[in-house]
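These notes concern the structure reproduced below.
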There are 2 protein chains.
Amino acid sequence: MIKRNTIQCSLVLNAVNKLKNHASADEVYACITNDYPNISRATVYRNLDKLAKTGQIKKIEIPGEAERFDHLTHNHYHIKCLQCGQIFDVDMPYQENIENQIINKHGFLFIGHEIIFSGICPACLKETELLH
Amino acid sequence: MIKRNTIQCSLVLNAVNKLKNHASADEVYACITNDYPNISRATVYRNLDKLAKTGQIKKIEIPGEAERFDHLTHNHYHIKCLQCGQIFDVDMPYQENIENQIINKHGFLFIGHEIIFSGICPACLKETELLH
DNA sequence: GTATTTGCAAACAATTTGCAGATAT
DNA sequence: ATATCTGCAAATTGTTTGCAAATAC
């Protein structure tokens with residue numbers, strides 16, 4: 001698993017950093033093809049995975065959706081707007097000790113956790129208000 | 001969205017209740033085809049969705065995986081074993097007030113949340129120990 | 001020089017959809 | 001009687017893979 005510096009890999013990293021908001025592989029691909037139309041989708045996927053593994057970006061897995069990739073690599077939570085489907089960061093302290101609340105009768109080893117909120121984003125709320 | 005009582009729908013409900021442990025659509029399909037080989041996969045999917053909407057079963061969405069369906073319909077959390085990939089229930093009180101910890105500067109409406117833990121299940125832990 | 005990485009196309013898995021015929025009410 | 005539901009096959013979506021050629025080191 002040696003790491004080479006390829007043009008494609010930096011293009012992927014730059015795209016994620018530029019897109020910022022939880023870009024999907026497809027959005028990253030589209031972003032790159034603007035300037036570099038010959039890159040392959042497979043290469044984008046492979047590099048997203050590699051960058052996530054080396055911790056340079058963060059893979060966010062949202063149930064029932066395409067994977068997303070985040071330029072913010074620290075632990076944080078997300079909310080999905082049930083109306084527009086967008087994913088947003090949630091400003092809430094990371095629950096380091098949440099696992100202490102578990103009644104671990106069965107002897108699991110707990111390693112980490114994800115919290116995904118659902119709700120309505122401000123823009124969609126506003127839109128709903130306007131309908132009245 | 002009227003609801004008819006079809007044989008297929010009760011077959012799906014019974015299969016979920018019988019399988020118990022977070023069955024995937026495919027497992028439900030396989031379970032039914034034992035006794036009723038002509039049912040269509042599409043019908044299984046359609047009825048799983050319908051039953052989830054009417055609250056008779058619970059849809060569990062695990063990131064990066066096929067959807068699963070649970071006979072337990074109350075709110076509860078899950079842990080995914082990173083080794084064997086199985087999903088287990090987590091015995092932990094439902095965090096009714098977790099949303100109070102959010103610094104909601106932007107005016108989101110929070111509706112619900114999911115927590116998915118990751119770790120190693122007892123069986124896999126035991127297996128790892130045996131290797132030494 | 002050689003092992004990694006790429007691009008392509010094809011494979012894949014999970015799920016959805018269009019449609020004509022079957023069925024519950 | 002008729003609107004919903006089913007089965008089938010094809011379509012879709014997101015992602016992975018096999019392989020030969022390209023490239024980084």
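Every chain is numbered from 1, with letters handed out A, B, ... down the list of sequences. Note that the structure is a prediction, hence the values are computed from the model and not measured.
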Aromatic ring pairing B/Phe108/B/His106, orientation class (parallel under 30°, perpendicular over 60°, tilted between): perpendicular
Which nucleotide in C/dC8, C/dT16, C/dT25 has an atom nearest any side-chain atom of A/Arg46: C/dC8
Parallel, tilted or perpendicular: rings of A/Tyr94 and A/His113 (30°, 60°): parallel
Out of D/dC5, D/dC8, D/dC25, whichever nucleotide has its closest atom nearest the side chain of A/Asn5: D/dC25
Donor-acceptor pair, side chain of A/Tyr36 and main chain of A/Gln8, under 3.5 angstrom: no
Side chain of A/Lys50 - closest among C/dT5, D/dT15, D/dG7: C/dT5
Side chain B/Arg4 and base D/dT4 donor-acceptor under 3.5 Å: yes
First of A/Cys9 and B/Arg68 reached from the 5' end of DNA chain C, by closest nucleotide: A/Cys9
Touch class at under 4.0 angstrom, heavy-atom based, for A/Ala42 against every strand present: base
Closest nucleotide among D/dC5, C/dC8, C/dG18 to the B/Thr6 side chain: D/dC5
B/Ile39 CD1 to C/dA22 C1', straight-line distance once rounded to whole Å: 15 Å
Protein-nucleotide distance (B/Glu67, atom CD; D/dT13, atom C1'), rounded to Å: 13 Å
Interatomic distance, B/Tyr45 OH vs C/dG18 P [rounded to whole Å]: 18 Å
Whole-Å gap separating C1' (D/dT12) and CZ (A/Arg41): 13 Å
Degree of bending, the helix from C/dG1-D/dC25 to C/dT25-D/dA1 (end axes from five pairs; round to 10°): 30°
Verify same cluster id: A/Leu51, A/Val44 (apolar side-chain graph, 4.5 Å): yes
Side-chain N,O (A/Asn47) to OP1/OP2 (C/dT6) below 4.0 Å: yes
Whole-Å distance separating the OH atom of A/Tyr36 from the P atom of C/dT5: 15 Å
Same apolar cluster (I L V M F W Y, side chains within < 4.5 Å links), B/Leu125/A/Phe110: no
Shortest side-chain distance from B/Thr43, nucleotide among D/dG7, C/dT23, C/dT6: D/dG7
B/Ile116 reachable from A/Ile102 in the ILVMFWY side-chain graph, under 4.5 Å edges: no
With sequence neighbours excluded, residues passing salt bridge (Lys or Arg N to Asp or Glu O under 4.0 Å) with A/Lys58: none
Side-chain (A/Glu27) to main-chain (A/Ser24) donor-acceptor, under 3.5 angstrom: yes
Nearest-Å distance for atom pair CG/P, residues A/Leu51 and C/dT5: 11 Å
Nearest-nucleotide 5' precedence on DNA chain C, A/Gln8 against B/Ile7: A/Gln8
Atom-to-atom span, CG of B/Leu48 to C1' of D/dT6 - whole angstrom: 15 Å
Value in whole Å for how far the C1' atom of C/dC12 lies from CG of B/Asp26: 14 Å
